[in-house]
Amino acid sequence: DVFFLTGLDEHGQKVQQAAAKAGIDPQTHCDKLAPQFKDLWNRLNISNDAFLRTTDPQHKFFVQEILQELYDKQLIYQDSYTGWYCTFDERFWTEKDVENGLCPDCKRPVEKLSEHNYFFKMGAYQDRLIDYFKTHENFIRPESRRNEVLGFLQTQTLGDLSISRPKSRLSWGIELPFDKDYVTYVWFDALVNYVSALEYLRPTPSRDRYWPASIHLIGKDILTTHAVYWSTMLMALNLPLPDMIFAHGWWTVDGEKMSKSRGNVVDPNKMIDEFGADAFRYLLLREVPFGQDGDFSQSAMVTSINSDLANGIGNLLSRTLTMIERFAGGKIPAAGTPALPEIEKKIAAAATSLPDKLDRGFGALTFRENLQAIWELIALCDEYIDKAAPWKLAKNPEDGPQLKTVLNTAARALRLLSVSIYPFMPQTAAQLSQQLGVSFDFSRSITSSQSQWDVTLADIPIAKGASLFPRIESSRQGAKTVSESPTPPQATPVAPVLRTSTTLAATPAPAEPAQITIDEFMKIQLKTAKVLSAERVPKSEKLLKLQVSLGAEQRQIVAGIGKKYEPEALVGKTIVIVANLKPAKLMGIESQGMVLAAGDSEVRGLATILEEVDPGTKVK
RNA sequence: CGCGGGGUGGAGCAGCCUGGUAGCUCGUUGGGCUCAUAACCCAAAGGUCGAAGGUUCAAAUCCUUCCCCCGCAACCA
């Protein structure tokens with residue numbers, strides 16, 4: 001009895017900004033995005049029972065009820081707050097957090113803001129929270145993540161949580177029921193979805209039936225909000241906490257982080273187009289111990305399709321069905337006498353224990369290990385067929401009983417395999433069982449008899465069809481599925497639960513630089529300068545600190561050319577600088593100008609003057 | 001001392017917490033088989049487990065130091 005919820009978190013500043021950028025109102029923006037996710041889940045055969053959007057009216061209403069309840073309990077209070085605000089992260093920082101006017105998290109500039117806000121008494125729950133984490137070992141998983149949160153909680157004081165935003169600053173949110181000038185903080189709204197869904201996406205009383213949730217499956221980037229904010233909110237509401245919060249890792253692509261600017265984003269829709277949903281699902285769950293970061297590559301995809309899917313389960317079905325056609329008249333024969341008792345025992349043992357083993361694995365979310373266990377059975381069957389050699393048995397009529405056993409055993413193994421792979425590859429499972437003639441109806445839940453090993457299978461006509469997974473030949477391996485262009489404004493969700501991709505606005509096309517007049521150019525004062533000394537800026541990757549002479553004047557310039565040039569190589573050289581650039585600080589060091597160098601993002605070479613000229617000479 | 005991850009046969013990884021003959025997948029080589037999607041089965045080759053030191057009867061595993069790689073962050077004024 002499972003209720004599988006997924007959905008979208010649609011409020012907040014970033015959504016508002018993205019919508020504004022696209023020139024549409026936030027709701028329209030969200031309405032455009034949501035179907036992309038729904039379609040993708042459909043194509044991937046994700047079996048979610050409901051899809052919640054935090055802009056659903058019933059959700060909003062429920063959030064307001066909760067806010068009112070906490071307000072009535074005096075767990076929400078109003079106070080004025082002054083601090084450094086980071087728009088990107090939608091959060092305030094304290095004075096000591098902020099370095100050089102930059103957000104310590106995203107390093108974007110922060111602005112000083114003072115405003116009245118409502119606060120949730122989160123800090124009051126610090127001890128209770130620590131205690132809860134300690135007494136519930138599996139509450140946060142994997143363990144490394146648990147340690148991370150616990151460490152943070154035990155060394156720092158948990159403050160109260162500002163849960164309101166004045167409408168003057170942010171209007172895209174759920175209005176506070178007790179103060180119409182404010183909307184609630186996006187996380188306060190979003191986290192509530194786990195409970196609100198049970199209020200309106202399922203007939204009541206589903207809340208009693210499904211809460212507390214067995215698991216919140218989230219990305220590792222949103223662990224703190226779930227483990228700390230949400231837990232304290234539930235405590236304040238006197239609701240039980242979920243059994244487990246599991247923070248999964250991220251995918252890299254060919255060893256590199258996926259990013260739109262790199263243009264290496266894997267578009268799941270393209271992967272489905274090219275390889276099929278089942279193969280894609282298989283790879284994602286097979287490649288990495290679930291929870292850890294993993295690396296995705298096209299070649300790994302092809303390798304695993306060929307060796308595990310085509311040569312593995314696909315070929316096992318193919319060879320078994322062909323033999324049943326040829327040696328048994330197209331019907332699965334009843335078992336006869338043992339052919340190879342030793343291997344048959346091994347198969348029986350593996351097959352009998354498989355369902356329970358997989359069950360435990362699903363409970364522990366060890367998907368990769370489950371697939372390994374399934375594939376062990378496949379390997380065992382291949383070995384069995386090879387050694388029993390049905391094609392030889394078929395030549396001697398007196399070996400008939402043994403032949404029947406071999407074919408029957410292989411067929412029963414495939415029957416069990418179809419059930420076993422169903423959670424991973426639903427389409428394939430259905431095809432397999434259909435070709436095998438047992439035709440399971442996977443739209444209903446799997447019964448224990450379907451996964452039972454000791455069943456009588458006799459006289460079942462098979463229906464051999466197309467290969468489950470055709471091999472991918474090497475010519476296709478070079479085909480690029482990873483998008484080449486850095487422009488896909490597609491939804492590329494990584495975390496399937498919340499915070500999917502609310503910030504995906506269209507990337508603006510790079511505009512051709514407009515022409516400027518000579519007057520505008522003359523505003524820029526270029527001068528020659530002689531490098532007196534140069535040294536690396538400690539801890540920087542490519543910054544050099546230069547002392548240069550402009551004749552009468554001496555300047556300090558910080559330049560990002562350290563990847564191309566060694567400091568010693570520059571001393572004594574005459575270079576060109578922008579002399580009237582407003583000074584700026586780089587890593588705390590003041591730079592009073594800018595050196596000219598060729599190159600785009602990477603420095604290729606410094607600009608110099610063809611003839612010897614005095615330092616400080618004007619360049620135009 | 002910015003934060004984090006990692007260095008194990010040709011490639012990709014597991015093992016490390018809870019020391020005790022180094023394992024998996026792919027690849028390579030040789031053989032077998034012919035039911036099967038040039039597939040499947042068997043066998044072999046191939047590793048000073050980044051380096052050094054320490055603890056121990058015993059170290060890939062624990063401790064110390066160092067080197068290297070990769071993310072993130074800072075950074076191209």
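Proteins get letters first, then strands, A, B, ... in listed order; numbering begins at 1 in each. What you see is a predicted model, and the numbers here were worked out from it, not measured in a lab.
Side-chain contact between A/Ile557 and A/Met594 is absent, with no heavy-atom pair separated by less than 4.5 Å. Using a 4.5 Å cut-off on side-chain heavy atoms (C-beta onward), A/Ser304 and A/Arg286 make no contact. Between A/Gln556 and A/Ile589, some side-chain heavy-atom pair lies under the 4.5 Å cut-off. Residues A/Gln554 and A/Gln547 form a side-chain contact, since some pair of their non-hydrogen atoms from C-beta on lies under 4.5 Å apart. Residues A/Val266 and A/Met271 are in side-chain contact: their nearest non-hydrogen atoms beyond the backbone lie under 4.5 Å apart. Within the 4.5 Å cutoff, no side-chain heavy atoms of A/Lys530 are placed close to those of A/Leu550. Here the side chains of A/Leu606 and A/Val595 are in contact, with some heavy-atom distance below 4.5 Å.
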Mind listing the N/O atom pairs, protein and nucleotides 30-32 of chain B, below 3.5 Å?
from	atom 1	to	atom 2	distance (Å)
B/rG32	N2	A/Asp386	OD2	3.3

Check nucleotides 11-16 of chain B for protein N or O atoms closer than 3.5 Å to its own N or O atoms and list the pairs.
none

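Taking atom P in both B/rA11 and B/rG53, the straight-line distance is 26 Å, to the nearest Å. Of the C1' atoms belonging to B/rC67 and B/rC57, the separation is 31 Å, rounded to the nearest Å. The same atom, P, is picked in B/rU61 and in B/rA22; the two are 14 Å apart, to the nearest Å. One P atom belongs to B/rC1, the other to B/rA60, and the distance between them is 34 Å to the nearest Å. Here the separation of B/rG10 from B/rU28, taken at their C1' atoms, is 8 Å to the nearest Å. B/rC24 sits 10 Å from B/rG15 when the C1' atoms are compared, rounded to a whole Å. One C1' atom belongs to B/rG6, the other to B/rC13, and the distance between them is 12 Å to the nearest Å. Atom P of B/rG4 sits at a distance of 46 Å from the matching atom of B/rC42, rounded to the whole Å.
A pairwise comparison of heavy atoms in A/Thr405 and A/Thr337 identifies OG1-O, 2.6 Å as the closest pair.
For A/Ser307, the listed nucleotide lying nearest its side chain is B/rC26; candidates were B/rC76, B/rC35, B/rC26. Which of B/rC26, B/rC35, B/rC42 sits closest to the side chain of A/Thr303 comes down to B/rC26. In this structure, of B/rC75, B/rC35, B/rU37, it is B/rC35 that holds the atom nearest to the side chain of A/Ile385.
Applying the side chain to side chain donor-acceptor pair (under 3.5 Å) test to every pair with at least one member in residues 275-284 of chain A, sequence neighbours left out, gives these pairs: A/Asp278-A/Thr428, A/Tyr282-A/Asp308.
Under the rule for a ring-ring contact (aromatic ring centres under 6.0 Å, His included), the partners of A/Phe246 that lie at least two apart in sequence or sit in another chain are A/Phe290. Checked against ring-ring contact (aromatic ring centres under 6.0 Å, His included), A/Phe280 has no partners two or more places apart in sequence or in another chain. Take A/Tyr422 and apply the ring-ring contact (aromatic ring centres under 6.0 Å, His included) test, not counting sequence neighbours, and it matches A/Phe442. Evaluation of the salt bridge (charged side-chain N to carboxylate O under 4.0 Å, His left out) rule for A/Asp459 yields no partner, not counting sequence neighbours.
A distance-only check finds a donor-acceptor pair linking the side chain of A/Asn580 to the backbone of A/Lys523 [under 3.5 Å]. Checked by atom type and distance alone, the side chain of A/Ser549 pairs as donor or acceptor with a backbone atom of A/Gly551 at under 3.5 Å. Of the possible polar contacts, one joining the A/Thr303 side chain to the A/Ser299 backbone as a donor-acceptor pair under 3.5 Å is found. With hydrogens and angles disregarded, no donor-acceptor distance shorter than 3.5 Å links the side chain of A/Arg471 to the backbone of A/Ala310.
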Hey, can you pull the donor-acceptor pairs under 3.5 Å for the side chains in residues 381-388 of chain A, sequence neighbours left out?
from	atom 1	to	atom 2	distance (Å)
A/Asp382	OD1	A/Arg319	NH1	2.7
A/Glu383	OE2	A/Lys387	NZ	2.9
A/Tyr384	OH	A/Glu344	OE2	2.6

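Using a 4.0 Å heavy-atom cutoff across all strands shown, A/Ala389 reaches no nucleic acid atom at all. Here A/Asp382 lies in heavy-atom contact (under 4.0 Å) with sugar-phosphate atoms only. Within the nucleic acid shown, A/Leu543 comes within 4.0 Å of sugar-phosphate atoms alone, with no base atom in reach, counting heavy atoms only. A/Val558 comes within 4.0 angstrom of sugar-phosphate atoms only, judged by non-hydrogen atoms across all strands, and of no base.
The aromatic rings of A/Phe362 and A/Phe367 sit tilted, their planes meeting at an angle between 30° and 60°.
Heavy atoms of other residues, nucleotides or ligands lying less than 6.0 angstrom from NZ of A/Lys357 number 12 at most.
Listed in residue order, the members of residues 524-536 of chain A having a heavy atom less than 4.0 Å from RNA chain B come to none. Proximity of residues 316-324 of chain A to RNA chain B (heavy atom under 4.0 angstrom from any strand atom) is restricted to A/Ser318, A/Arg319, A/Thr322, A/Met323. Within residues 461-470 of chain A, the residues that have a heavy atom under 4.0 Å from RNA chain B are, in order of number, A/Ser467, A/Leu468, A/Phe469, A/Pro470.
Computed from coordinates, the A/Ile378 CD1 to B/rC24 P distance equals 18 Å when rounded to whole Å.
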(message) Give the dot-bracket line for RNA chain B from 5' end to 3' end: parentheses for intra-strand Watson-Crick or G-U pairs under 3.5 Å, square brackets for crossings, | for inter-strand pairing, dots for unpaired.
(response) .(((((((.[[[[.)....(..]]]].(((((.......))))).....[[[[[..)....]]]]])))))).....

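Within the structure, a side-chain polar atom (N or O) of A/Asn311 is placed less than 4.0 Å from OP1 or OP2 of B/rC40.
When the nearest nucleotides of RNA chain B are assigned to A/Lys392 and A/Gly314 by heavy-atom distance, the more 5′-ward of the two goes with A/Lys392.
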